[in-house]
Amino acid sequence: MMNVFCKTLLASAMAASLVSSAYAAEPLKVYGKLNVTAQSNDVSDETETTIQSNASRFGVTGDFELGNSLEAFYTIEYEVDTGNEDKENFLARNQFVGLKGHFGAVSVGRNDTILKVSQGKVDQFNDLSGDVKTIFKGENRMAQTLTYYTPMFGDIQAGVTYVASGDSDQVVGDNTTGEDGVSMAVMYGDAGLKTSAIYSAIAYDSKVKGYDTARATVQGKVAGVVLGGMYQQQEALDSGVSDNGFLLSAAYDINEVTLKAQFADMENKGDSWSVGADYSLGKPTKLFAFFTANSFDSNDQDDNYVGVGVEHKF
């Protein structure tokens, strides 16, 4: 049933994108990416070879002019797990509708929290085995949210995500019902470092998915090297245990090749380090390779991953 729905949605969106709309502020946009790797995974002292999808996705997004400088906007996005033997391989990602104007933008639905968004592009191995979520809490996409972004004040923007207590991920420990959660952040600059030399953010989660989390992120370019850093403190609501951690990342372009490295550590959890390289075949397509080693305090065996893959955006 889900496959039928998603195929119908995609076909309708592609057809609509080919015709003009009297109501759209911009043409309806179909977008996505396929990121697939062939990799060797040495986990818990057992080695397995996989051809796996890394958050491959497709979605539709658009705007609708309402007049009086007011616009409606929406996004419906699904993850497509190409390596899942189950043909029902669609998973919900961000799916929301909202209004934007001189006051900023407000949306309701399934969405990434502001704290997650605030990391910008500091995670050089996002969606791969070395993703920051392997070590850090706070990389949350919540089902029942209301999100507000302020207008830009120069290079500064703030945002807040309210997470409803009815979200099933808000239940902690033996509680039968959850609590309301709030995620907030203040961000400076352009996360892509195209319009500003530096990007930085301070963010905080209160009672979101079982944790209180404080995070500071900074990224900038020095002598052609993109350097990034993150510091985080996270406290589990059910135990009151507070842990501190940090992440350091670097990337350097040599013509079409981007060399990357990253290290993350969280006390009472473990550490992760990764190295890799991307080779650009054109703006939408790249080849890449990586090695990741994840070490967890809960066991003595490191988990090692070696992969090569291709990513194409559309």
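Every value quoted in this text rests on a predicted model; they were computed, and no experiment measured them.
Linking ILVMFWY residues whenever their side-chain heavy atoms come closer than 4.5 Å, directly or via other members, places Val97 and Tyr148 in the same cluster. In terms of hydrophobic clustering, with Ile, Leu, Val, Met, Phe, Trp and Tyr side chains grouped at heavy-atom distances under 4.5 Å, Phe96 and Tyr74 are assigned to different clusters. Both Leu28 and Ile76 belong to a common hydrophobic cluster when Ile, Leu, Val, Met, Phe, Trp and Tyr are linked at side-chain heavy-atom distances under 4.5 angstrom. A single hydrophobic cluster is not seen to contain both Ile51 and Leu128; linkage of ILVMFWY side chains at heavy-atom distances under 4.5 Å, directly or through other members, places them apart. Criterion: ILVMFWY side-chain heavy atoms under 4.5 Å apart, direct or through other members. Under it, Met152 and Tyr188 are not part of a common hydrophobic cluster.
Atoms CZ and CG, on Arg141 and Leu91 in that order, are 10.0 Å from each other to the nearest 0.5 Å. Going from atom OG of Ser107 over to atom NZ of Lys100 covers 11.0 Å, rounded to the nearest 0.5 Å. Remark: Thr49 OG1 to Asn41 CG distance equals 7.5 Å, nearest 0.5 Å. Between Asp271 atom CG and Leu247 atom CG the span is 11.5 Å, to the nearest 0.5 Å. A distance of 11.0 Å separates CZ in Phe314 from NZ in Lys29, rounded to the nearest 0.5 Å. Of the inter-residue distances, the one linking Asp42 atom CG with Glu48 atom CD reads 11.0 Å to the nearest 0.5 angstrom.
Tyr305 is listed as a side-chain neighbour of Asn294, based on a closest heavy-atom distance under 4.5 Å. Using a 4.5 Å heavy-atom cutoff, the side chains of Leu70 and Phe103 are in contact. Looking at heavy atoms from C-beta onward, Thr258 lies out of side-chain contact with Phe288 at the 4.5 angstrom threshold. A heavy-atom distance below 4.5 Å is not found between the side chains of Val208 and Leu115. Side-chain contact between Tyr252 and Ile254 is present, with heavy atoms from C-beta onward closer than 4.5 Å. Residues Thr47 and Ser40 are in side-chain contact: their nearest non-hydrogen atoms beyond the backbone lie under 4.5 Å apart. Considering only heavy atoms from C-beta on, Asp155 stays 4.5 Å or farther from Thr195 through its side chain. For the pair Tyr31/Thr61, a side-chain contact is recorded, criterion being any heavy-atom separation below 4.5 Å from C-beta on.
The shortest non-hydrogen separation linking Ile114 to Ala185 is CG2-CB, 3.1 Å. When all heavy atoms are compared, the tightest approach of Ser165 to Gln170 is O-CB, 4.1 Å. Heavy-atom minimum distance, Leu248 versus Gly229: CD2-CA, 4.4 Å. Taking both residues in full, the closest heavy atoms of Ala164 and Asp180 are given as C-OD1, 3.9 Å, listed atom of the first, atom of the second, then distance. The heavy-atom pair separating Ser53 from Thr82 by the smallest distance is CB-OG1, 3.1 Å. Minimum interatomic distance between Met187 and Gly159 (heavy atoms only, all atoms of both residues): CE-N, 4.4 Å.
Side-chain atoms of Gln95 come within 3.5 Å of backbone atoms of Glu77 as a donor-acceptor pair (strictly under, hydrogens ignored). A donor-acceptor pair is defined here as one N or O able to donate and one able to accept, closer than 3.5 Å; such a pair exists between the side chain of Thr145 and the backbone of Gly109. Put simply, the side chain of Ser239 gets close to the backbone of Val241: a donor and an acceptor are under 3.5 Å apart. Distance alone, capped at 3.5 Å, places no donor-acceptor pair between the Gln124 side chain and the Ser249 backbone. Side-chain N or O atoms of Asp81 include one that pairs as donor or acceptor with a backbone N or O of Gly83 at under 3.5 Å. In terms of modelled atom types and a separation under 3.5 Å, the side chain of Asp297 and the main chain of Lys269 share a donor-acceptor contact. A donor-acceptor pair under 3.5 Å is formed between the side chain of Asp167 and the backbone N or O of Ala143.
Under the 4.0 Å criterion applied to side-chain N and carboxylate O atoms, Lys133 and Asp123 are not assigned as salt-bridge partners. Electrostatic pairing of Lys194 and Asp190 does not count as a salt bridge here, judged by no charged N lying under 4.0 Å from a carboxylate O.
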Asp265 and Ile135: side chain to side chain contact (heavy atoms under 4.5 Å, CB included), yes or no, with the steps?
-> CA-CA 7 Å; Asp265 180 88; Ile135 300 296; 5.9 Å; no
Worked verdict on Asn244 versus Glu267 for side-chain hydrogen bond (donor to acceptor under 3.5 Å, both in side chains) | CA-CA 6 Å; Asn244 299 286; Glu267 60 180 331; 3.0 Å; yes
Does the pair Val132 and Asn126 meet the rule for a side chain to side chain contact (heavy atoms under 4.5 Å, CB included), with working shown?
-> CA-CA 7 Å; Val132 65; Asn126 184 47; 5.9 Å; no
Stepwise side chain to side chain contact (heavy atoms under 4.5 Å, CB included) check, Phe58 with Val80 | CA-CA 7 Å; Phe58 80 88; Val80 185; 3.7 Å; yes
Trace of the side-chain hydrogen bond (donor to acceptor under 3.5 Å, both in side chains) decision for Asn111 with Thr161 = CA-CA 9 Å; Asn111 212 344; Thr161 302; over 6 Å; no
List the steps and the verdict of side chain to side chain contact (heavy atoms under 4.5 Å, CB included) for Leu287 and Leu281.
-> CA-CA 7 Å; Leu287 301 175; Leu281 297 174; 3.8 Å; yes
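Looking at Asp303, Asn304, Asp302 one by one, the single match for side-chain hydrogen bond (donor to acceptor under 3.5 Å, both in side chains) with Ser295 turns out to be Asp302. The only option from Phe291, Phe290, Phe125, Phe263 that meets the ring pair (Phe, Tyr, Trp, His ring centres under 6.0 Å) definition with Trp273 turns out to be Phe291. Partner of Arg215 under the side-chain hydrogen bond (donor to acceptor under 3.5 Å, both in side chains) criterion, out of Gln232, Gln234, Gln233: Gln232 alone. Under the side chain to side chain contact (heavy atoms under 4.5 Å, CB included) test applied with Thr113, the options Lys209, Met142, Met184 reduce to a single match, Met142.
The closest side-chain donor-acceptor pair between Asn54 and Thr37 falls under 3.5 angstrom. Asn35 and Glu311 share a side-chain donor-acceptor pair at under 3.5 Å.
Around atom NZ of Lys33, more than 12 heavy atoms belonging to other residues, nucleotides or ligands sit under 6.0 Å away. Within a 6.0 Å radius of NZ in Lys207, other residues, nucleotides and ligands contribute 12 heavy atoms or fewer. Heavy atoms from other residues, nucleotides or ligands lying under 6.0 Å from CD1 of Ile202 number 12 at most.
Aromatic ring orientation, Tyr78 versus Phe90: perpendicular (interplanar angle above 60°, classes split at 30° and 60°).
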